[in-house]
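Input: a single structure, listed below in C-alpha cells.
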Amino acid sequence: MRDLRHHGDAELAPGLVDLAVNVRADAPPPWLRRVLHDALDRSAGYPDAGPARAAVAAAHGRDGSEVLLTAGAAETFTLLARALTPRRAVVVHPSFTEPEAALRLAGHPVERVLLRPEDGYRLDPAAVPEDADLVVLGNPTNPTSVLHPAAVLAGLVRFGRVVVVDEAFADTVPDEPESLASRVDLSGLLVVRSLTKTWGLAGLRVGYALGPPDLVGALAGQQPHWPVSTPALAALCACTTPAARAEAADAARALADHRAALLAALPPGVVVEGRPESSFVLVRVPDGARVRSDLRERGWAVRRGDTFPGLSTDHLRIAVRDPATSGAFAEDLAAVLGVAR
Ligand SMILES: Cc1ncc(COP(=O)(O)O)c(C=O)c1O
C-alpha cells in the first residue's frame with residue numbers, strides 16, 4: 001500500500017538543497033513578515049475572523065457566507081471527510097494524497113480515476129463515474145503540474161454532487177486563467193486555496209475554501225472554535241489585497257521563466273511528464289530509486305513519485321528554483337544518469 005501520508009518535507013535533511021517541497025524559496029517577503037510580527041503583538045486576544053473573511057470574499061467577488069477560513073488547505077479535506085457521507089467518492093489521481101487519506105480515515109470508501117501519461121495526465125471527464133457524488137481533483141495538479149481547462153472542471157458539476165477543486169497552486173499560474181474561485185453559478189463546487197506555497201507560509205498554516213453557504217456552513221461546523229490564528233488571519237488580509245495579488249502574479253510570471261530554464265537544462269534521458277504549468281515538474285528517469293538516492297549523496301532532495309497513485313519509483317517531482325540552482329542540479333543529474341548535457 002502506498003503511504004498516502006508521505007509528503008515532500010519528509011525528504012528533507014540538513015545540508016540538502018530542497019527541491020522536494022513546492023514552497024517558494026524566497027518568501028515570505030519583508031512586508032509580510034512585518035504584518036506577521038505586528039499580528040503576533042496583537043495575539044493576546046482571541047482571533048477575530050471577520051476582516052479576513054471579508055477580504056477573501058472581496059478578492060474573489062464572493063459573499064462572506066461562501067468563505068471558509070482554514071488552517072491550511074489540508075484542513076479542508078479533513079472537514080469534508082467529517083461533514084459528508086458520500087455514497088461514491090472519486091479522487092482523480094495522480095494528485096495530492098491528503099483528500100483520499102482523510103476520506104479513508106473517516107471510513108469512506110474511495111475510488112480512483114487514474115489519469116494516463118499517454119493523455120499527458122489531462123482529465124477525460126467521461127472517466128468520472130456519472131453517479132459519483134463527491135469528486136476531488138487538483139488544478140493545477142500536484143504532482144503532474146498539469147493545468148486543466150476551467151470549462152472541463154465546470155462540466156463535472158451535477159445536481160447532488162460535490163466537486164472539490166484543490167487550487168492550492170492556482171496562484172503559481174499568471175492571472176489564474178483556469179481558476180473557478182469566483183464561479184458562484186456552479187452548485188456544489190468547493191474551491192480550496194492555500195497561502196502557504198506562494199507566500200512561504202507552510203508553517204503558519206493558512207488557507208481557505210470557497211463554496212455554497214450550506215456546504216461552507218457544514219464544514220465550519222466541524223471546526224474547533226478559533227481555528228485560524230491571529231497571525232494567519234492577518235496574512236489572509238494582507239495577501240488578498242490587489243497589490244499582493246499583483247505581486248503574486250509577478251512571481252508567477254518569473255516562475256514561468258524559471259521553469260523554462262529548468263526544463264531546458266534537464267539532460268537527455270529525462271522524460272518530462274505532462275505539460276508543466278506550476279512550480280514543479282514531474283519527470284521520469286530510468287532506475288529512479290537509485291537516481292534519487294545518488295542525488296541525495298550529491299546534496300539534492302527531490303520528491304519521490306511512488307507514493308502518488310499511478311506513478312512509480314522512476315517518477316521524481318522537482319521544484320522550480322532560480323536558474324542557477326536548476327543548472328547546478330541538472331549538472332549533477334546528468335552525472336548521476338551517466339549522460340552528457
Ligand atoms: C495540491 C496540494 N493541496 C493542498 C496542500 C496543502 O496545503 P496547505 O499547506 O495550505 O495545507 C498541498 C501541500 O503540499 C498540496 O500540494
Side-chain angles (χ1 to χ4, degrees), residues 1-23 70-82 84 86 89-117 121 134-146 164-166 168-169 192 194 196-197 202-203 205 207 271 273-274 276 278-297 299-319 336:
M1 188 63 182
R2 290 168 202 266
D3 178 6
L4 296 180
R5 288 236 130 132
H6 179 90
H7 296 296
D9 55 341
E11 321 243 358
L12 304 182
L16 295 184
V17 180
D18 173 11
L19 304 184
V21 177
N22 301 317
V23 171
T70 59
E75 188 194 357
T76 301
F77 304 122
T78 297
L79 300 177
L80 274 165
R82 289 181 184 161
L84 304 184
V90 168
V91 179
V92 177
H93 282 296
S95 73
F96 186 54
T97 47
E98 276 302 314
E100 177 170 330
L103 286 164
R104 288 192 184 282
L105 196 64
H108 306 300
V110 176
E111 281 176 56
R112 295 173 177 172
V113 166
L114 285 185
L115 304 187
R116 305 182 319 164
Y121 290 105
L134 174 64
V135 179
V136 187
L137 75 176
N139 204 35
T141 306
N142 171 17
T144 60
S145 203
V146 167
V164 180
V165 181
D166 177 358
F169 289 99
V192 182
S194 172
T196 71
K197 322 295 179 187
R205 312 305 306 129
V271 176
E273 298 279 25
S278 189
S279 54
F280 45 89
V281 300
L282 178 68
V283 301
R284 188 160 44 82
V285 293
D287 203 4
R290 179 195 63 81
V291 169
R292 190 166 64 85
S293 144
D294 286 3
L295 284 169
R296 288 182 78 81
E297 294 283 306
W300 302 99
V302 298
R303 169 66 156 95
R304 66 192 299 164
D306 57 343
T307 63
F308 290 104
L311 300 188
S312 72
T313 50
D314 288 344
H315 289 97
L316 304 174
R317 194 192 68 199
I318 306 165
V336 165

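Here the side chains of His93 and Phe308 are not in contact, with every heavy-atom distance at 4.5 Å or above. Two residues are said to be in side-chain contact when any heavy atoms from C-beta on lie closer than 4.5 Å; Val271 and Val283 fail this criterion. With contacts defined as side-chain heavy-atom distances shorter than 4.5 Å, the pair Leu12/Leu16 does not qualify. Counting only heavy atoms from C-beta outward, the side chains of Thr144 and His315 never approach each other to under 4.5 Å. Side-chain contact between Asp306 and Ser312 is absent, with no heavy-atom pair separated by less than 4.5 Å. Side-chain contact check for Pro309 versus Leu114: some heavy-atom pair is nearer than 4.5 Å. Counting heavy atoms from C-beta outward, His7 and Thr97 have side chains that approach closer than 4.5 Å. Residues Leu134 and Val164 are in side-chain contact: their nearest non-hydrogen atoms beyond the backbone lie under 4.5 Å apart.
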**Report entry** Residues Leu316, Val291; criterion side-chain contact (heavy atoms from CB on, under 4.5 Å); working and verdict
**Finding:** CA-CA 9 Å; Leu316 304 174; Val291 169; 4.1 Å; yes

Query raised in the report: Passes side-chain contact (heavy atoms from CB on, under 4.5 Å), Val90 versus Glu100? Steps please.
Result: CA-CA 9 Å; Val90 168; Glu100 177 170 330; over 6 Å; no

Query raised in the report: Where do Asn142 and Arg317 land on the side-chain hydrogen bond (donor to acceptor under 3.5 Å, both in side chains) test, with the steps shown first?
Result: CA-CA 9 Å; Asn142 171 17; Arg317 194 192 68 199; 2.7 Å; yes

Requested in this report: Could you walk me through whether Tyr121 and Leu311 pass side-chain contact (heavy atoms from CB on, under 4.5 Å), step by step?
Outcome: CA-CA 11 Å; Tyr121 290 105; Leu311 300 188; 3.4 Å; yes

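Between Phe280 and Phe169, the angle of the ring planes goes over 60°, which puts this pair in the perpendicular group of the 30/60° scheme.
A salt bridge is defined here as a Lys NZ or Arg NE, NH1 or NH2 lying under 4.0 Å from an Asp or Glu carboxylate O, and Arg205 with Glu75 fails to meet this definition.
Between the side chain of Arg82 and the backbone N or O of Leu103 there is no donor-acceptor pair closer than 3.5 Å. Judged by distance alone, with hydrogens and angles left aside, the side-chain atoms of Asn139 form no donor-acceptor pair with the main-chain N or O of Thr141 at under 3.5 Å. Remark: side-chain polar atoms of Asp314 are not paired, donor with acceptor, to backbone N or O of Arg284 under 3.5 angstrom. Under the 3.5 Å distance criterion, the side-chain polar atoms of Ser278 are left unmatched by any main-chain donor or acceptor of Ser145. No donor-acceptor pair closer than 3.5 Å links the side chain of Glu111 to the backbone N or O of Val91. Looking at Ser194, its side chain never comes within 3.5 Å of a backbone N or O of Ala73 through a donor-acceptor pair. Not one N or O on the side chain of His6 forms a donor-acceptor pair closer than 3.5 Å with the backbone of Asp3.
Across Arg296 and Ala301, no two heavy atoms sit closer than the pair NH1-CB, 4.2 Å. The two residues Gly274 and Val146 have their closest heavy-atom pair at CA-CG2, 4.1 Å. When all heavy atoms of Leu4 and Glu98 are compared, the closest pair comes out as O-OE2, 4.3 Å. When all heavy atoms of Ala20 and Val302 are compared, the closest pair comes out as CB-C, 3.8 Å. Nearest approach of Ala81 to Ala106, heavy atoms of both residues: O-CB, 3.5 Å. Of all heavy-atom pairs between Val281 and Pro276, the closest is CG1-CB, 3.6 Å.
To the nearest 0.5 Å, atom CZ of residue Arg303 and atom CD of residue Glu11 are 5.5 Å apart. To the nearest 0.5 Å, atom OG1 of residue Thr76 and atom CG of residue Asp166 are 8.5 Å apart. Atom CD1 of Ile318 and atom CG of Asn22 lie 11.0 Å apart (nearest 0.5 Å). Trp300 contributes atom CH2, which lies 6.0 Å from atom CG of Leu19 (distance to the nearest 0.5 angstrom).
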